K.L.:
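Got a structure for you, questions after.
Count residues from 1 along the sequence. Here the structure is a predicted model, which is why all the values come from computation and not from measurement.
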Amino acid sequence: MAEKIKVITVATTEDAHEISKEGAFVRQGNHFDTPFGDGPGDLPVEAGRYRLLVAGICPWAHRSIIVRELLGLQDVISVGTASPIRTDKGWEFSLDEGGVDPVLNIRYLPEIYAQTDPTYEGRATVPTVVDVKTNKVVNNDYFKLTNYWETAFKKFHKEGAPDLYPEELRDEIDAFNEILFHEVNNGVYKAGFSKTQEKYEEAYDALFARLDILEERLSTQRYLFGNQITDADVRFYVTLVRFDVAYYLVFKTNRNRIIDFPNIWNYAKDLYQTPGFGNTTDFDAIKKGYQLGNHGNNPYGIVAKGPEISIWNEPHDRHRFE
């Protein structure tokens, strides 16, 4: 008897389910969104139980890596890194020996989504958290994941870890992050993935209107919420660090570069030079991922040589707020 072929229905591109009839990019919701905690039905908070799957291109994944680093969770949550160039079979663990993740023994991310839920037809996304005890996906809620690292995993934070999500500011940070996501973090994607001129320009205008507001905000304080780094700064940074090397060119968000905003640019350099930010930023992965990926429209596979990234280590002026 012939072996039955397992059919994987997991989507591997945004075009499958995330373009509206008007041509707008509408990012999918998160299917695996059980929170971490000690409440009924929550995912138990244990060291060594979870593996975080990421790709160096992805801002949402990078956000989780930065917070993991800042809080000292490296020995608590393991990491598997996929190639930054997504294939037609999804994110691929081709960077690992043998082309498979050494812990989960998968080559493509959709494999473990299908293994977890054979009926799942959404896109397999990074970051993804896998329970290594069950070998199943338990969370892909990129929007809330850093908040779980900051709160539910607090007992594992290193001594002197920053409070990235202070209780007295949470409502303000949450409200800010919601706007930042729709107009900036996801705004660049809404521009880049649009299928009509109208929807592209709509996203473009909202993006730069918000950047103008944030340029003004950062003229009077070192970080987004005063003189301490918060979760909001991590979320803004991962878009800023990708902007001039990827979004400006590939997503046509080309009114200004980040280096053309004096306050935002100095703020971005300040963060880049802070341990946990620059050392987790892979410019090569970012450039290749966006320029050679399926939205790069780059049939000859040529990766732009610039821009110069050494400028990220040049002096900044943010100490003036101390």
Side-chain angles (χ1 to χ4, degrees), residues 10-16 18 25 27-28 30 51-69 79-96 99 101 106-110 112-113 123-129 140-143 145-146 181 184-193 207 234-253 257-258 268 271-272 276-298 301-307 309 312:
V10 180
T12 58
T13 175
E14 290 81 2
D15 290 346
E18 297 170 80
F25 171 59
R27 187 175 293 276
Q28 69 178 25
N30 298 309
R51 187 159 180 80
L52 174 65
L53 302 180
V54 301
I57 173 184
C58 177
W60 329 118
H62 190 190
R63 212 162 68 191
S64 287
I65 291 293
I66 292 172
V67 171
R68 171 181 174 268
E69 185 98 359
V79 168
T81 304
S83 166
I85 304 170
R86 192 176 62 187
T87 75
D88 59 1
K89 294 182 179 178
W91 297 109
E92 181 183 19
F93 294 93
S94 55
L95 304 178
D96 292 307
D101 180 87
I106 56 171
R107 182 172 185 85
Y108 299 102
L109 184 60
I112 201 154
Y113 274 70
R123 188 161 44 86
T125 57
V126 286
T128 288
V129 180
N140 74 335
D141 190 349
Y142 62 87
F143 195 82
L145 197 51
T146 53
F181 171 76
V184 178
N185 299 144
N186 196 43
V188 291
Y189 285 91
K190 288 193 284 188
F193 290 178
L207 166 66
V234 179
R235 292 174 189 241
F236 194 22
Y237 170 81
V238 295
T239 295
L240 297 179
V241 82
R242 286 160 174 76
F243 204 98
D244 293 2
V245 299
Y247 302 145
Y248 183 90
L249 172 68
V250 179
F251 287 174
K252 303 181 181 67
T253 54
R257 299 163 301 172
I258 293 306
L271 290 175
Y272 179 83
F277 288 85
N279 61 301
T280 63
T281 300
D282 187 340
F283 281 113
D284 185 61
I286 292 168
K287 288 171 67 171
K288 287 180 178 177
Y290 285 104
Q291 295 179 28
L292 300 180
N294 59 344
H295 290 281
N297 298 314
N298 188 357
I302 297 171
V303 178
K305 188 173 181 178
I309 62 172
W312 284 85

K.L.:
Is a side-chain donor or acceptor of Glu92 paired with a backbone partner of Arg86 at a separation under 3.5 angstrom?
P.N.:
no
K.L.:
Where do Val241 and Trp312 land on the side chain to side chain contact (heavy atoms under 4.5 Å, CB included) test, with the steps shown first?
P.N.:
CA-CA 9 Å; Val241 82; Trp312 284 85; 3.9 Å; yes
K.L.:
After noting the C-alpha distance and the side-chain angles of Asn140 and Val129, does the key distance pass the side chain to side chain contact (heavy atoms under 4.5 Å, CB included) rule?
P.N.:
CA-CA 6 Å; Asn140 74 335; Val129 180; over 6 Å; no
K.L.:
Using 0.5 Å steps for rounding, measure from the CG atom of Asn30 to the OG1 atom of Thr125.
P.N.:
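So the CG of Asn30 and the OG1 of Thr125 are separated by 6.5 Å.
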K.L.:
Report yes if some heavy atom in the side chain of Arg257 is under 4.5 Å from a heavy atom in the side chain of Phe243; otherwise report no.
P.N.:
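No, every pair of side-chain atoms sits at 4.5 Å or beyond.
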K.L.:
Closer than 3.5 angstrom, by distance alone: can the side chain of Asp141 be matched with the main-chain N or O of Leu145 as a donor-acceptor pair?
P.N.:
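Judged by distance alone, no pair lies under 3.5 Å.
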K.L.:
Side chains of Thr128 and Tyr113: do they bring a donor and an acceptor to under 3.5 Å?
P.N.:
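Yes.
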K.L.:
So does Arg123 get a backbone contact from the side chain of Gln28, meaning a donor-acceptor N/O pair under 3.5 Å?
P.N.:
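Looks like yes, one N/O pair under 3.5 Å.
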K.L.:
Tell me, yes or no, whether the heavy-atom count around Lys288 atom NZ, taken from other residues, nucleotides or ligands under 6.0 Å, exceeds 12.
P.N.:
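Result for NZ/Lys288: open.
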K.L.:
Counting N and O atoms only, with roles assigned by atom type, does the side chain of Lys287 sit under 3.5 Å from a partner on the main chain of Ala304, one being a donor and the other an acceptor?
P.N.:
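Confirmed, Lys287 side chain pairs with Ala304 backbone.
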K.L.:
Specify the closest pair of heavy atoms between Pro84 and Trp91, including all atoms of both residues, with the distance to one decimal.
P.N.:
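Result for this residue pair: O-CZ3, 3.6 Å.
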K.L.:
Do Thr281 and Tyr237 have a side chain donor and acceptor closer than 3.5 Å?
P.N.:
yes
K.L.:
Apply the test side chain to side chain contact (heavy atoms under 4.5 Å, CB included) to residues Leu240 and Tyr272: give CA-CA distance (whole Å), side-chain angles for both, the deciding distance (0.1 Å), then the verdict.
P.N.:
CA-CA 10 Å; Leu240 297 179; Tyr272 179 83; over 6 Å; no
K.L.:
Is any side-chain heavy atom of Val245 closer than 4.5 Å to a side-chain heavy atom of Pro307?
P.N.:
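The answer is yes; the side chains approach within 4.5 Å.
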K.L.:
Are any side-chain N or O atoms of Arg63 and backbone N or O atoms of Arg235, one a donor and one an acceptor, separated by less than 3.5 Å?
P.N.:
no
K.L.:
Does Tyr247 offer a backbone N or O that forms a donor-acceptor pair with the side chain of Thr253 under 3.5 Å?
P.N.:
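Here the side-chain-to-backbone pair exists.
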K.L.:
Say you draw a straight line from CG of Leu271 to CZ of Phe277; how long is it, rounded to the nearest 0.5 Å?
P.N.:
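Nearest 0.5 Å value for the CG-CZ distance: 5.0 Å.
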K.L.:
Taking all atoms of both residues into account, what is the closest heavy-atom pair of Leu52 and Pro127, and its distance?
P.N.:
CD1-CB, 3.7 Å
K.L.:
Taking atom types as modelled, find out whether Thr146 and Arg68 have a side-chain donor-acceptor pair closer than 3.5 angstrom.
P.N.:
no
K.L.:
Just how far is it from atom CD1 of Ile66 to atom CG of Asn279, taken to the nearest 0.5 Å?
P.N.:
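Atom-to-atom, Ile66:CD1 and Asn279:CG are 9.0 Å apart.
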K.L.:
Nearest 0.5 Å, what's the CG-OG1 distance between Asn185 and Thr239?
P.N.:
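Atom-to-atom, Asn185:CG and Thr239:OG1 are 4.0 Å apart.
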K.L.:
Using atom types as modelled and distance alone, determine if a side-chain donor or acceptor of Thr12 lies under 3.5 Å from a backbone N or O of Asp88.
P.N.:
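Present.
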K.L.:
With distance as the sole test, does Thr87 use its side chain to make a donor-acceptor pair with the main-chain N or O of Gly90 at under 3.5 Å?
P.N.:
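Yes, the answer is positive, given that a donor and an acceptor are paired below the 3.5 Å cut-off.
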K.L.:
Should the pair Glu18-Arg27 be classified as a salt bridge under the 4.0 Å nitrogen-to-oxygen rule?
P.N.:
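Judged by the 4.0 Å cut-off on N to carboxylate O distance, Glu18 and Arg27 do not form a salt bridge.
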K.L.:
Between His62 (side chain only) and Thr280 (backbone N and O only), is there a donor and an acceptor less than 3.5 Å apart?
P.N.:
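Side chain of His62 to backbone of Thr280, a donor-acceptor pair under 3.5 Å: yes, one is there.
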K.L.:
Could you check whether any side-chain heavy atom of Lys89 comes within less than 4.5 Å of a side-chain heavy atom of Pro110, counting everything from C-beta outward?
P.N.:
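Counting from C-beta outward, Lys89 and Pro110 never come under 4.5 Å.
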K.L.:
Between Asn298 (side chain) and Gln291 (backbone), is there a donor-acceptor pair under 3.5 Å?
P.N.:
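Yes; at least one donor-acceptor contact below 3.5 Å.
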K.L.:
Using the six-membered ring wherever Trp is involved, compare the ring planes of Phe193 and Phe251 and label them parallel, tilted or perpendicular (cut-offs 30° and 60°).
P.N.:
perpendicular
K.L.:
Rounded to the nearest 0.5 Å, how far apart are CG of Leu95 and OG1 of Thr81?
P.N.:
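Between atom CG of Leu95 and atom OG1 of Thr81 there are 7.0 Å.
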K.L.:
So that I know where these two stand, are Tyr108 and Phe93 an aromatic pair - ring centroids less than 6.0 Å apart?
P.N.:
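No, ring centres 6.0 Å or more apart.
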K.L.:
Please tell me whether Phe181 and Trp60 form a close aromatic pair, meaning their ring centres lie under 6.0 Å apart.
P.N.:
yes
K.L.:
Looking at Asp101 and Arg107, is there a salt bridge between them, counting it only when a charged N and a carboxylate O are closer than 4.0 Å?
P.N.:
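So Arg107 does not pair with Asp101 through a salt bridge.
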K.L.:
Please evaluate residues Val54 and Ser64 with respect to the criterion side chain to side chain contact (heavy atoms under 4.5 Å, CB included), reporting the C-alpha separation (whole Å), side-chain torsions for both, the decisive distance (0.1 Å), and the verdict.
P.N.:
CA-CA 9 Å; Val54 301; Ser64 287; 5.6 Å; no
